[in-house]
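Written out below as structure tokens is the structure these notes cover.
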Amino acid sequence: MKASRLPLDWFACGLMFLLCICWGFQQVAIKLVLDDVPSILQLAIRSGGAALVLGALVLWREGRNAFNDGTLLPGISVGALFALEFLFIGQGLNHTSASHLSVFLYTAPMFAALGLHLMLPEERLSPLQWAGVLVAFGGIALAFLGQSTDAPGSMLLGDAFGVLAALAWGATTLVIRGSSLSDASAVKTLFYQLFGAALLLFSVAFATDQTQMILTQDALLSLGFQVVVIALVSYLAWFWLLRKYLASRLSVLSFMTPLFGVAFGVLVLDESIEPSFAIGAALVLAGILLVSGTELLRERLARRAVVASEA
């Protein structure tokens, strides 16, 4: 029998705050050293370095039969989807700002919610959640269509790559939720994702001649941050939180990430924010909050009703 998830405490909130800061900075870390290391190669190194550590850990824990537990086929699927997500992120950062990509990437929970609505009866969306989906899509449209006519066409392409990355991320969630990976260890699930990403991204880097890199101090620091802090520590911490605490609460807190992403883009990269994008981004975040936060709101109202009836 699985242990019930816990409500958030101060430790979980503090850890989520730190994770959101790290995730918000990751697009900026890539963008900062694009002149030294191509984005696709950065993501390939990040995925491959972490996959080596995680693969060794899986074999040490489970032995040579570690992948004979029925998770291999769904593992290959999530590896391919994770690779596509990273490929779209890498291509997106070549065309658009880190701020834009951070917002569009974090529309993934909305796509996951739509997929789960179709897959599982217990995941049906409520009218309030459907309203959130419409608000979020309206925000995406405004962020795209409201850009100045002086904005380069490549920025729109980069924004589109951000949405495609979110779709791939949402599809990864669906595969994990609907397969044997839902019961697999966090280390093994993450290994499948990063190993698949490393294979595809290194192949793309070599095929497109994006293997030239200059190992400056900034490049080494950025790569170290991406491999150790993002791909290993933060992802494993996230999976640990999901196994211990209520996912709905964690999902709501994760919406701090695009806010940090935009803030870091402006402060570190001196990116400008167009008014239409700012309004569109606010609508996107509000819509996703409605989609993911409805369960939390429903529980709070139910608790208030119980307290009122007992008074």
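Both backbone and side-chain heavy atoms feed into the values below; hydrogens, waters and symmetry mates do not.
You'll find the side chain of Leu114 reaches within 4.5 Å of the side chain of Trp130, heavy atoms only. Side-chain contact check for Phe161 versus Thr96: every heavy-atom pair is 4.5 Å or farther apart. Leu87 has its side chain within reach of Ile40: a pair of non-hydrogen atoms, C-beta onward, lies under 4.5 Å apart. With a 4.5 Å cut-off on side-chain heavy atoms, Arg61 and Leu57 count as touching. Looking at Leu32 and Asp218, their side chains never come closer than 4.5 Å, going by heavy atoms from C-beta outward. In this structure, Thr189 and Thr71 have side chains that are not in contact, with every pair of non-hydrogen atoms separated by 4.5 Å or more. Residues Ile273 and Ser99 are in side-chain contact: their nearest non-hydrogen atoms beyond the backbone lie under 4.5 Å apart. Here the side chains of Phe202 and Thr211 are not in contact, with every heavy-atom distance at 4.5 Å or above.
A cation-pi geometry, defined here as NZ or CZ lying under 6.0 Å from the six-membered ring centre and within 45° of its normal, holds between Arg46 and Phe86.
Of the possible polar contacts, one joining the Ser39 side chain to the Gly90 backbone as a donor-acceptor pair under 3.5 Å is found. Between the side chain of Thr257 and the backbone N or O of Gly24 there is no donor-acceptor pair closer than 3.5 Å.
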Practice problem: Let me see the working for Thr107 and Leu167 under side-chain contact (heavy atoms from CB on, under 4.5 Å), right down to the final yes or no. | Solution: CA-CA 8 Å; Thr107 59; Leu167 278 167; over 6 Å; no
Quiz item: After noting the C-alpha distance and the side-chain angles of Gln212 and Leu41, does the key distance pass the side-chain contact (heavy atoms from CB on, under 4.5 Å) rule?
Solution: CA-CA 9 Å; Gln212 304 296 322; Leu41 187 58; over 6 Å; no
Exercise. Report the C-alpha separation of Phe88 and Phe104 in whole Å, then their side-chain angles, then the decisive distance to 0.1 Å, and conclude whether the ring-ring contact (aromatic ring centres under 6.0 Å, His included) test is met.
Key: CA-CA 11 Å; Phe88 291 139; Phe104 288 121; over 10 Å; no
Exercise. Step by step, work out the ring-ring contact (aromatic ring centres under 6.0 Å, His included) result for Tyr106 and Trp169.
Key: CA-CA 9 Å; Tyr106 277 85; Trp169 182 2; 5.1 Å; yes
Exercise. Take Glu85 and Leu105 through the side-chain contact (heavy atoms from CB on, under 4.5 Å) test and state the conclusion after the steps.
Key: CA-CA 9 Å; Glu85 177 192 338; Leu105 177 61; 4.1 Å; yes
Self-check item: Audit row: Ile45, Leu201, side-chain contact (heavy atoms from CB on, under 4.5 Å) steps and yes/no
Solution: CA-CA 9 Å; Ile45 293 171; Leu201 294 174; over 6 Å; no
Quiz item: Would Gln42 and Gln226 satisfy side chain to side chain donor-acceptor pair (under 3.5 Å), going step by step from the backbone distance to the final call?
Solution: CA-CA 8 Å; Gln42 286 187 56; Gln226 293 181 59; 2.9 Å; yes
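In this model, no donor atom of one side chain and acceptor atom of the other lie less than 3.5 Å apart for Ser276 and Glu274.
We find the CG-CG distance between Leu181 and Leu73 to be 10.0 Å, quoted to the nearest 0.5 Å. Residue Ser97 holds its OG atom at 10.5 Å from CD of Gln27, rounded to the nearest 0.5 Å. Here the CG-CD distance, from Leu164 to Gln91, works out to 11.0 Å after rounding to the nearest 0.5 Å. Atom CG of Leu221 and atom OG1 of Thr216 lie 8.5 Å apart (nearest 0.5 Å). Between the CG atom in Leu15 and the CH2 atom in Trp10 there is a gap of 14.5 Å [rounded to 0.5 Å]. Summarising the geometry, atom CD1 belonging to Ile89 is positioned 7.0 Å from atom CD1 belonging to Ile30; distances are rounded to the nearest 0.5 Å.
Between Phe82 and Phe195, the distance from one ring center to the other does not fall under 6.0 angstrom. No close placement of the Phe191 and Tyr235 rings is indicated, their centers lying 6.0 Å or farther apart.
Below 30°, between 30° and 60°, or above 60°: for His100 and Phe277 the angle between ring planes is below 30°, a parallel geometry.
Scanning all heavy atoms of the two residues, the minimum distance from Ala44 to Ala198 falls at O-CB, 4.2 Å. Contact record, Ser203 with Leu199: OG-O, 2.7 Å, taken as the closest heavy-atom pair. Of all heavy-atom pairs spanning Leu142 and Gly280, the tightest one is CD2-N, 3.8 Å. Listed here is the closest heavy atom pair of Val175 and Ser179: O-OG, 2.7 Å. Closest approach of Leu174 and Ala112 over heavy atoms only: CD2-O, 3.5 Å. When every heavy atom of Ala281 is checked against every heavy atom of Val103, the shortest pair comes out as CB-CG1, 3.9 Å.
Both Leu93 and Leu200 belong to a single network of hydrophobic side chains, linked directly or stepwise wherever heavy atoms of I, L, V, M, F, W or Y lie under 4.5 Å apart. There is no path of hydrophobic side-chain contacts, each under 4.5 Å, that joins Val233 to Leu52. Residues Trp240 and Leu190 are members of one and the same hydrophobic cluster, defined by side-chain heavy-atom contacts under 4.5 angstrom among Ile, Leu, Val, Met, Phe, Trp and Tyr. In this structure, Val284 is a member of the same hydrophobic cluster as Phe111, with clusters built from ILVMFWY side-chain heavy atoms closer than 4.5 Å. Neither Leu18 nor Val268 shares a network with the other; the hydrophobic side chains, linked directly or stepwise wherever heavy atoms of I, L, V, M, F, W or Y lie under 4.5 Å apart, form separate groups for each.
Dense packing is recorded around CG of Asn68, with more than 12 heavy atoms of other residues, nucleotides or ligands lying under 6.0 Å away. The local environment of CZ in Phe264 is crowded, with over 12 non-hydrogen atoms from other residues, nucleotides or ligands closer than 6.0 Å.
A salt bridge does not link Glu271 with Lys31: none of the charged nitrogens is closer than 4.0 Å to a carboxylate oxygen.
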